[in-house]
Amino acid sequence: MTNPSSTTELPDRYDPAATDADLYARWQQAGLFTAHAARSVRAGGDRTPFTIVIPPPNVTAVLHMGHGLDNTLQDVLIRWRRMAGDEALWVPGTDHAGIATQNVVEKQLAAEGLTRFDVGREAFVARTTAFVAETGGVILEQLRAIGASCDWTRTSYTLSPELSRAVREAFVRLYEAGLVYRGHRVIHWCPRCLTSLSDEEAEFHDTAGKLYHVAYPLADDPTRSLTVATTRPETMLGDVAVAVHPDDERYRELVGRRVRLPVAGIEIPVIADAYTDPAFGTGVVKITPAHDANDFEVGKRHDLLMPVVIDETGVVREVQDAAGRVPAELQGLDRFAARERIVERLRAEGRLVKVEPHQHAVRHCYRCDTVVEPRLSDQWFVRMEPLARPALQALREGALRIRPERHEATYVHWLENIRDWNISRQLWWGHRIPVWYCDACDETIVSREDPTACAKCGGAVRQDEDVLDTWFSSWLWPLSTLGWPDTDAADLQAFYPTDVLVSGPDILFFWISRMIMAGYFFVGESPFHTVFLHGITRDTQGRKMSKSLGNGIDPLDVVERVGADALRYTVVAGMGLGVDIVLDPDDLEKSFAPGRNFVTKLWNIGRVLLGNVGSAPVRPLAGVDARALTRADHWILARLAVAVGECDAALGPARPLTGRWTEADHHVGLRLNDYAEAARRFVWNELADWYVESAKGRLADGGEDAEVARAVLVHAFDQALRLLHPIIPFVTEALWQRLPGRARGAYLAGAAWPAHGTTAHEAAAGEFELVRAAVSALRQVRSDYNIPPSRQVDAVIVPGDDADGTGVLREEAPLIGRLTRCEVRVSDDAPHEAAAHVLLPGGATVVVPLAGLVDLERECARLRGELTELEKQLGALQQRLANERFVSKAPAHVVEGERQKAVEWSARRDQLRDKVGALCGG
RNA sequence: GGGCGAAUAGCUCAGCCGGUCAGAGCGCCUGCCUUACACGCAGGAUGUCGGGGGUUCGAAUCCCUCUUCGCCCACCA
């Protein structure tokens, strides 16, 4: 790479399209993203490992803004730690996404007029496999476009042979521990996907429904009836009882008698069960064990029949134990059509007492949004309570923290009330459940290896038809991607436990909590010590970005228009911890302006800096005699030290300082927006606005001082690029490569994170603050009096009591003059004519003669107003200082600060009075 | 029905343990194409920090309450 010696070789904008891909390829060629197990201290190396496993996107997914955000944050952390000297590993990969992927392929089949049953299981799986192989994993390619520094040599896939082995091992181990069992109960069923769902997969949606009050006449006295309330009249065909509360006086005498079930025309008993809430509706509830989880429990308690009247597709018919319950006219109707018909019949028969509107939460399939049908079936479950205990303990003892902290309460609540996990799915796409049945002797075989015959009787065996919940492989992700169940695997040894898990809060239960439970159960350790939950992206109306609403932003669009760096900077700088980020899908230019502007600014700082510094070798800062440093040099070095400190503080400790999170470090760090702001401020408001401007003259003058300025300039910029690299890796690398003296093959991506500076520069830096104050004062005068830049202004700085300050101002007068386009001299000799006065800290006064420059009359009015306002404020301040209680109770430094302020204000008031006197003649 | 969070400049938000916090970015106003940058420079305006009450010498910051939005959880048929 060449080192351009003038800005003419650098275009005036950074061109991501022409640069980013090339830089990314070179990073990868240099092996910068590849972690080495042997270098981890856990494997005898000398580097602390820092590991993140990516939340594996669905294999068929394409990148959306949520991924853009999530992966940017991970990349910031990974790049930061890599630079900080850790053995940083970011494991990428994809999830086979059972239902989601199967649905995609089924849709393709549907377009051909076929169902999966038409093609058969084997062919369907083959087709899906081919589909995934062909088009899957696109998202991983897309991640490179935003700069994600994943270790692509370790790319994983939940359905790969290696990870499938982990899945089977996990299932068998849980089974052997008695934590996996087969249960016969009512589960959530999606009649469209034709599979069971876990509690988490059956999402509640508020729905405007109706509450139907239906009269069930007493069998032995049709003039009397019990009225039940139901939202789902179609299930009444499966009623086996009506229940009242045992203590409910109103119905006590009816318990044990029978009622006649309308429509079905059969008799069912009245039972007493505490499940019934006497206060709800009429206090009478119909019991339908096969179609309601609670009713199922009641049914079991009372040993009731469990007739199934709705089949797996949601069609009403006599499925099981339901002979004679479904009238012919209802047979074969969809459940919702059946509801209508039943209601009509009830109305016709005079059994419908009333219908009320009813707002309630109805479970829907999280994949296809179909209303879930509770269904009685045999499923595999994981007993979760024993797994939850250590996961709760982890948080209590500080092995784990969740940020922002408010999510910790959610986590605890969920774990404390955890329910068993239905892990079997009636799908074809996924890990086949490793259970075989022998029909000959009824033996159940759960095995790591595929059995060929029944171990007991030698008979033929057949494997369970179901597959595992896709999350059953996801929950092993931190383990399986690192080589588990091979506990000797180099990666597992070197990188497990991992460090930070970055995700949106939406999959806290689906995935994150379960990973923690798996970590403890399978290897006895939490898979990570920090869960970092970020917000989600919303549009300007506050709506969640989604495909269906069409309000999403395609990150690749953004990359194309403003570049990956601008995208990354915008989301990192714009997002508080755990706070949602609002972006306008209709105005990408505006939404990403902060990032775009900053990248351009940085690029231009690079242009002027490189252009002024040239390509000749530059001394390392350490080789510069400290006595040769100017005030400005000290100042920028001091500011750099502050910026580095702020960035480190904002990012926080990468891991618990004492092995466990404590009050001291639990709530610290991961404030990426603060980190971004600290770095931005240094580079823009300090380095560019002040230091670079101040150095231009020195560089032009040449000589020894120019060498010093070059050294400081290059050092400060180099350090700034390092600070910013995790956020905006491309432009910083492109600039860093052009710094003079850059060694071939060295990359910023592999460079060291800035070390804390010394405090050696602070004293001289303070002097430069006085220079800045003088410059600001003169700029303000120019602006206040509307003096155009072209108009030369003579300024006099009248020394104050501070002899040192006067010395500084005298020496720096040329610089102050250059930065303000004024002719500045320091003299006791204040001009006598009308002039503007600005007081500097330390007592010196900037005086600018105004004769011929302004309308004095207007100016006087303005000044008098200013004086009045100041006197008012000063009065209040003095009153405060006269307050006994304030002086005695407030901390000394506060009182001292107020006193100081009063002194300054008084001086300013006196100045202002003089000024008014001088300008306005008394 | 529980639990949690948010309400601060026109917009999106920072403001941790009460006193240099009334701030940033975008937008707006004024003046500048000052040979790095108009995706810029210099200067500037705008907020009784959702309402009410309380604690305190002092509250955007703590407590109570109300209002309005979110989110999560939940077997009230």
Side-chain angles (χ1 to χ4, degrees), chain A residues 7 10 12-14 204 211-212 228-232 235 243 275-277 279-288 292-298 358 360-361 374 404 406-407 409-410 413-414 417 505-506 508-509 535-536 538 540 542 544 562 566 570 573-584 589-612 667-668 671 673-674 677 680-681 688-689 692-693 696 776 779-784 786-790 820-821 880 883-891 893-895 897-898 900-901:
Chain A
T7 59
L10 287 181
D12 62 359
R13 299 272 171 78
Y14 176 65
F204 282 107
L211 191 57
Y212 302 88
V228 304
T230 178
T231 53
R232 306 186 55 218
T235 63
Y275 156 68
T276 308
D277 177 0
F280 184 89
T282 55
V284 184
V285 60
K286 63 195 242 353
I287 301 299
T288 321
D292 183 282
N294 295 300
D295 292 5
F296 173 76
E297 296 300 324
V298 175
H358 186 63
H360 61 152
R406 65 187 135 90
H407 290 294
T410 320
H413 183 260
W414 187 73
N417 297 283
D506 49 330
L508 181 59
F509 305 140
I536 58 171
R538 298 180 177 280
T540 48
K544 200 186 283 193
V562 296
T570 302
M575 183 181 237
L577 181 62
V579 177
D580 294 344
I581 186 163
V582 177
L583 297 165
D584 186 352
E589 293 294 327
K590 188 178 168 186
S591 289
F592 293 93
R596 182 202 59 186
N597 294 356
F598 182 60
V599 167
T600 302
K601 181 68 182 184
L602 183 68
W603 181 251
N604 277 294
I605 294 168
R607 285 175 71 211
V608 65
L609 190 141
L610 294 167
N612 279 294
H667 312 283
V668 179
R671 302 209 160 254
N673 54 329
D674 287 349
E677 172 56 19
R680 185 207 68 82
R681 197 206 55 229
D689 288 351
V692 170
E693 290 304 324
K696 279 179 181 169
S776 293
R779 283 177 177 164
Q780 205 172 108
V781 170
R782 264 198 181 280
S783 181
D784 284 355
N786 235 327
I787 305 166
S790 52
T820 57
R821 309 182 148 229
R880 187 125 172 267
N883 183 334
E884 278 294 327
R885 278 186 290 192
F886 170 70
V887 175
S888 60
K889 289 203 173 185
H893 73 272
V894 173
V895 177
E898 297 291 75
Q900 204 62 42
K901 212 190 304 183

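Labels below follow one simple rule: chain letters A, B, ... track the order of the sequence lines, proteins then strands, and each chain is numbered from 1.
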Pair partner, B/rC4 [Watson-Crick or wobble, under 3.5 Å]: B/rG70
Any strand: nucleotide that pairs with B/rG58 via Watson-Crick or wobble, under 3.5 Å: none
Do A/Phe280 and A/Leu211 have side-chain heavy atoms sitting under 4.5 Å apart? yes
Atom pair CD1/CD1 of A/Ile536 and A/Ile581 - distance to nearest 0.5 Å: 11.5 Å
Respond yes when some side-chain nitrogen or oxygen of A/Lys696 is under 4.0 Å from OP1 or OP2 of B/rU35, and no when none is. no
Base, sugar-phosphate alone, or nothing: which one does A/Phe598 contact when heavy atoms must sit under 4.0 Å apart? nothing
Partner nucleotide, any strand, of B/rA42 [Watson-Crick/G-U, under 3.5 Å]: B/rU30
Mind checking if A/Ala279 touches a base, just sugar-phosphate, or nothing, with heavy atoms under 4.0 Å? nothing
d(CD, A/Glu693; P, B/rC41) in whole Å: 10 Å
Give one of base, sugar-phosphate or nothing for A/Ala688, where a contact means two heavy atoms less than 4.0 Å apart. base
Within the structure shown, what part of the strands sits under 4.0 Å from A/Phe509 by heavy-atom distance: base, sugar-phosphate, or nothing? sugar-phosphate
What nucleic acid atoms does A/Asp12 come within less than 4.0 Å of, heavy atoms only: base, sugar-phosphate, or nothing? nothing
So what does A/Val582 touch, heavy atoms closer than 4.0 Å: a base, only the sugar-phosphate, or nothing? sugar-phosphate
What contact category does A/Asn417 fall into here, base, sugar-phosphate, or nothing, at under 4.0 angstrom with non-hydrogen atoms? nothing
Got a donor-acceptor pair under 3.5 Å from the side chain of A/Lys590 to the base of B/rC26? no
For A/Arg596, which contact category applies under a 4.0 Å heavy-atom criterion: base, sugar-phosphate, or nothing? base
Kindly point out which of B/rG43, B/rC41, B/rA77 is positioned nearest to the side chain of A/Asp784? B/rG43
Under a 3.5 Å limit for both distances, which nucleotide forms a Watson-Crick or G-U wobble pair with B/rA9, could you say? none
For A/Ser783, which contact category applies under a 4.0 Å heavy-atom criterion: base, sugar-phosphate, or nothing? sugar-phosphate
Options B/rG25, B/rG43, B/rC72, nucleotide nearest the side-chain atoms of A/Thr410: B/rC72
Under 4.0 angstrom, heavy atoms only, what part of the nucleic acid is A/Lys544 near: base, sugar-phosphate, or nothing? nothing
So do the side chains of A/Pro374 and A/Arg232 get within less than 4.5 Å of each other, counting heavy atoms only? yes
Of all the nucleotides listed (B/rG44, B/rG25, B/rC13), which has the minimum atom distance to the side chain of A/Arg680? B/rG25
